[in-house]
Each structure stands twice: as C-alpha cells, then as structure tokens.
> 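Can you read through this structure? Questions will come right after.
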Amino acid sequence: QAAAVLEPRMRGGENWGQLKRLLEIRAEAAGPDDAEPFLRELLELRETRLADPTGAFDAAVRLIALVPEDAGVQRDIERLASLLGAYEDLADVFARFSFEGDLVPDDVELAASYTRKLASLQEDRLERYEAARDSLMAVVSEQGPELGVLDALDRLNTRLGDWPALAEVVEQKLTVLEDTGARRETLFRLGSLFEEVIDDPDTAIDTYSRVLAEDEGNARAVDALQRIYRNVSRHQDLALLLEGQLESAEGAARAPLVFQLAQLYETVLDDPTTALEHYASILEADPESDVVIEAIQALLNGHGTDPADGELRTRACNLLEPIYVERDDWQSTVRLLFARLKDAEDASTRAELRIRTARLYETKAEDGGAAFSAYGAAFAERFGDPAVLAELLRLAAQLGAWSELANIFRAGLEGADAGDIDDAVRRDMMGRLASLYENQIGDAGDAIAVNRKILEDDPGDAGALENLDRLYTYTADMPALAE
C-alpha cells in the first residue's frame, strides 16, 4: 500500500530509481496473475530511463513467463539479449517454453515456435549443433515433417557429418514435397548420398529405381543404376535394365543400348551367342558400323579354338563375310575362310574354302606361291579333282614349282587316306607323278621308283613298262632293263 501511495509522487518527480524500487515491490506483492503491468513498466523504465539493459532483460524474463504468447515481449527479450550478448540466457528462457521445457505451453504451435527459436540460437549463436538438431527433431516429432524444419535438419546433419541421419531427413522431405521436379532432384540427392557417402549401393539402387518409377526412362537415373550395377558386379540386373530401356528406345537411341548389352553378354555374362545376336541386330540397321564389325571380329578371334563354339563361329562368319566382300577386303575375307575351315565337317567343303582362298591370294594379293599352297591343300582334301589339278599344273609351270607339286602328289598317294582313293584316280596320279620326276624334275631314280610301284599294282601296265624301258636305257641299268 505504501508503494502504491508513493508511486505517483516518484513518477511526477521523475525519481526513476525510487520508481523502479516501488514497481518491483508492487510486482512482487501482486503475484503471478496481476504482476504483468508492473513488469511491463519496469522493463521500459530500466531500458529507457535508467539505461539498464541487464535489468530490463531480467524484467523481460519475468514478464515472458506470464505472457509467453506475447510477440512484443518476445521481440523485446530477443533484442535485449542481442544487445547484451546474453544468448546463453536467452536460450535458457526459450528452452523453458520448448517441447522439452518445464513451462511448455498448451498451444502446440506456440511451443513449436519457441523450440524453433531455441534451435536457431543453438545453431547460429551457441554453435551447439547436436542440441539444435535435437530441438528440431522434437518439433518434427510433435508436429510432423515441415519443409523449413527439415531444411534446417538437413543443414545440421550435413555440418555434423551424420550421413545416416541426413538420409532420414532427406527421405522425410520426400513426404512433403509435391513438385515433381523437386521430388526428382531430392531422390537424386538421396541416391547420391547412399552411393557416394554412406556406401550403401543396394539402397542407392532402390532410390534411383524410385526415380524411374516416377519418370520412366530418366537418363540420369539409368546412368546411375548402370554405374552402380557395374561397380557391384550386378551384371544380370544391368542387362535387365538395358533391355527395359530398349523397349521404349526408338531410332538412333537403340544402337548404343544394344551395343552395351552385347558387350555385357560377351565380356561379363559369358554368353557370346546372345552377344552376337545383339551385334547382328545393329548390323541389320547399319551394315557399315565399324565398331560393331570390329566387335564381331574380336568375338570370333576370341572363340577360335573350342569345338563347342562352332555354331558361333559360323554365325559370325556369315555376318562378316558379305561385308568384307562388299568392301573388297580380301585379307579379312581370307581370315574368315580359315576360321570356317575349323568347323567344316566334310572334305568337299574344306576343299571349296581352300579354293576360294587360293583365288584371293592369286587375284588380290598377286601371290602365286600362296595360291599354289592353298590349291595344294584343296587337292589334298579332294585328291584327283581335275579342276584343282589344272590350277596346280598351271601355277607349277609359272612358278617352276615341280618338286613342290610332286610332293603334293606323293602326300596324297601315300597319306592316311590313300586306301580310299579310286583305282582309276590312283593310276592317273601315279602316272603323272612318274612323268613329273622324269620330265620336269629330271630325277630318273624317283621316276623309276614310281613306275615300279605302278607295276606292283598292275604288272601288265604297258605305260609303266615303256617308261621303265626308256629310263633303264637312259641310266644304262642293263640288268634292270633285261628284267
């Protein structure tokens, strides 16, 4: 009562120090319910009349406990704390009205506001990043995810390097983002986090797959999935991904996908047959694709010995040969003919392949010696063939290769398959061999030996007898002549 009586006199006399004391007495006596007006005046008096920001801050602390919802008082206490640098004290005040405080308001939004203010202080002024994160997590727990709060949590977890927690926050963002583009970018960020930082490729794959679920054919997501599948050796999944992309790809976009698939099947999945069919599909659309031609040739070279790969080699040769012929690439064509020889099952087919090789050597390479050798190999496959024989005789005359021709004849007559030679062919070739030795090579001894062999097979062969008569006379072997 005394303070109430004295208060007008002190105010009128501008005795601010005494007025401050009287207001404090009255606020103390009034109790919580009626102290508000005294504390408001005390706050203003201390700050404006007494230049006592510390006392004003104390008054504001007492006042805000009575009216936590008053935005003006909130501004006052924040302003005074900033002036004094009293951020620790301000944090203590806000903490009391936060979700974890002893004075948490019934108004959830008001409590959330104080908790967000507390988090901002903890992060920006006090550098208590974990505490700030805990405060914001309390807001999310009470009110559910909200983009602004999640952005702050994103920033804090990044600063703390808590990548699993950051991934959880980014995942929560996806629950509130409605813009398609923003969702897509957030998924990419989440996928990158799992792939590059947390090192969880399986979850990264799931995340990028979610992008494709929302945006089928997204090139970035496809590239990311391809990269991870390769890094973790999930090659079958990579093949399925590429095949899925093929279903929607059109025009020029198809060839690169098919080529990737072919390479995958060839080099990793160990399925050269499927790889070759993919290469073939590219050639069908673009027969001049050098990259694909080289790939098929490399595949053929890599499967050149195993008998089980015969069908594969044949298919590869069938794809390449028309192209090489069209390009007049005789060297590559010759290589294909040699590759075909490995899988040719009958002598006639092998002979035809060697004949084609011989013609290329002679007409394209102008290499008569190589052509002669190829015809010789063909003759061994089809011994006695008149057409091949004619080519051998022609080239032997050009090259003077009579001894080599004789060796070809002898190899056929004395080889493992000699017993299968037709009798007429055998007699003809023996006669030709004897004539070669006598007339072209000038070796009477070998000529005599061959003629004697003819007589062993047919003692009445008049030609052989006549030849021996002449040869023995020439060599002056009278006892043999007499015989």
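Please read these numbers as outputs of a predicted model, since none were measured by experiment. Computed over heavy atoms, backbone and side chain alike; hydrogens, waters and symmetry mates excluded.
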> Determine whether Glu311 and Arg315 satisfy the following criterion, salt bridge (Lys or Arg N to Asp or Glu O under 4.0 Å), listing intermediate values before the conclusion.
CA-CA 6 Å; Glu311 290 186 8; Arg315 173 67 168 143; over 6 Å; no

> Taking Arg210 first and then Glu171, would you say they form a salt bridge - that is, a charged N and a carboxylate O separated by under 4.0 Å?
yes

> Give a yes-or-no answer on whether the side chains of Ser332 and Arg335 include a donor-acceptor pair shorter than 3.5 Å.
yes

> Kindly indicate, with the supporting measurements, whether the criterion side-chain contact (heavy atoms from CB on, under 4.5 Å) is fulfilled by Lys117 and Ser113.
CA-CA 6 Å; Lys117 288 175 180 290; Ser113 173; 3.9 Å; yes

> With a 4.5 Å cut-off on side-chain heavy atoms, are Tyr208 and Ile228 touching?
yes

> Nearest 0.5 Å, what's the CD1-CZ distance between Ile408 and Phe372?
4.0 Å

> Could you state the interatomic distance from OG (Ser289) to CD (Glu284), rounded to the nearest 0.5 Å?
13.5 Å

> Any donor-acceptor pair under 3.5 Å linking the side chain of Arg254 with the backbone of Leu246?
yes

> Quick check against the 3.5 Å criterion: does Ser141 have a side-chain atom that pairs as donor or acceptor with the backbone of Met137?
no

> Are Arg26 and Phe38 in a cation-pi setup, meaning NZ or CZ lies under 6.0 angstrom from the ring centre and within 45 degrees of the ring axis?
no

> Without swapping roles, check the side chain of Arg96 against the backbone of Leu103 for a donor-acceptor pair under 3.5 Å.
no

> Please say whether more than 12 non-hydrogen atoms of neighbouring residues, nucleotides or ligands are located less than 6.0 Å from CD in Glu142.
yes

> Taking it one step at a time, do Tyr324 and Trp330 satisfy side-chain contact (heavy atoms from CB on, under 4.5 Å)?
CA-CA 7 Å; Tyr324 289 154; Trp330 67 269; over 6 Å; no

> I'd like to know if Arg359 pairs up with Glu391 as an ion pair, taking the criterion as any Lys NZ or Arg NE/NH1/NH2 lying under 4.0 Å from an Asp or Glu carboxylate oxygen.
no

> Taking the side chain from Asp346 and the backbone from Thr349, do they hold a donor-acceptor pair closer than 3.5 Å?
yes

> When rounded to the nearest 0.5 angstrom, what is the spacing between CD1 in Ile205 and CG in Asp237?
7.0 Å

> Quick check: does any side chain N or O of Gln74 sit under 3.5 Å from a backbone N or O of Pro68, one acting as donor and the other as acceptor?
yes

> So Gln226 and Gln245, do their side chains get closer than 4.5 Å, heavy atoms only?
no

> Within a strict 4.5 Å, meaning less than it, do heavy atoms of the Glu69 and Glu109 side chains meet?
no

> Taking 4.0 angstrom as the limit, do Asp58 and Arg46 come out as a salt bridge?
no

> Do Phe97 and Leu110 have side chains that get closer than 4.5 Å, going by heavy atoms?
no

> So, does Thr207 use its side chain to make a donor-acceptor pair with the main chain of Thr203 at under 3.5 Å?
yes

> Take atom CD of Glu44 as the centre, draw a 6.0 Å sphere, and report whether it contains more than 12 heavy atoms from other residues, nucleotides or ligands.
no

> Does CD in Glu214 sit with more than 12 non-hydrogen atoms of other residues, nucleotides or ligands closer than 6.0 Å?
yes

> How about Arg21 and Gln18: do any of their side-chain heavy atoms sit closer than 4.5 Å?
yes

> I need the single residue from Arg155, Arg116, Arg128 that forms a salt bridge (Lys or Arg N to Asp or Glu O under 4.0 Å) with Glu123. Which is it?
Arg155

> When you check the gap from the basic side-chain N to the acidic O, do Arg49 and Glu41 get nearer than 4.0 Å?
no

> Please confirm whether the backbone N or O of Val211 pairs with a side-chain atom of Arg184, one donor and one acceptor, at under 3.5 Å?
no

> So for atom CG, which belongs to Asp124, do other residues, nucleotides or ligands contribute more than 12 heavy atoms lying within a distance under 6.0 Å?
yes

> Please determine whether side-chain contact (heavy atoms from CB on, under 4.5 Å) holds for the pair Leu66 and Leu39, giving the CA-CA distance in whole Å, both sets of side-chain angles, and the decisive distance to 0.1 Å.
CA-CA 10 Å; Leu66 301 178; Leu39 290 173; 3.6 Å; yes

> Determine whether Arg79 and Asp76 satisfy the following criterion, salt bridge (Lys or Arg N to Asp or Glu O under 4.0 Å), listing intermediate values before the conclusion.
CA-CA 5 Å; Arg79 174 174 48 77; Asp76 287 338; 2.9 Å; yes

> Would a distance-only check, ignoring hydrogens and angles, find a side-chain to backbone donor-acceptor pair under 3.5 Å from Lys342 to Gly304?
yes

> Could you check Leu242, Leu240, Leu241, Leu264 and say which one makes a side chain to side chain contact (heavy atoms under 4.5 Å, CB included) with Tyr229?
Leu241

> Looking at Asn301 and Gln297, would you say the former's side chain and the latter's main chain have a donor-acceptor pair under 3.5 Å?
yes

> Tell me whether Ser192 contacts the main-chain N or O of Phe188 through its side chain, where contact means a donor paired with an acceptor under 3.5 Å.
no

> For Tyr87 and Gln122: C-alpha separation, side-chain torsions, deciding distance, then whether side chain to side chain donor-acceptor pair (under 3.5 Å) applies.
CA-CA 9 Å; Tyr87 298 114; Gln122 290 166 329; over 6 Å; no

> With a 4.5 Å heavy-atom cut-off, do Asp200 and Asp202 have their side chains touching?
yes

> So how far is it from Thr357 OG1 to Glu352 CD, rounded to the nearest 0.5 Å?
11.0 Å

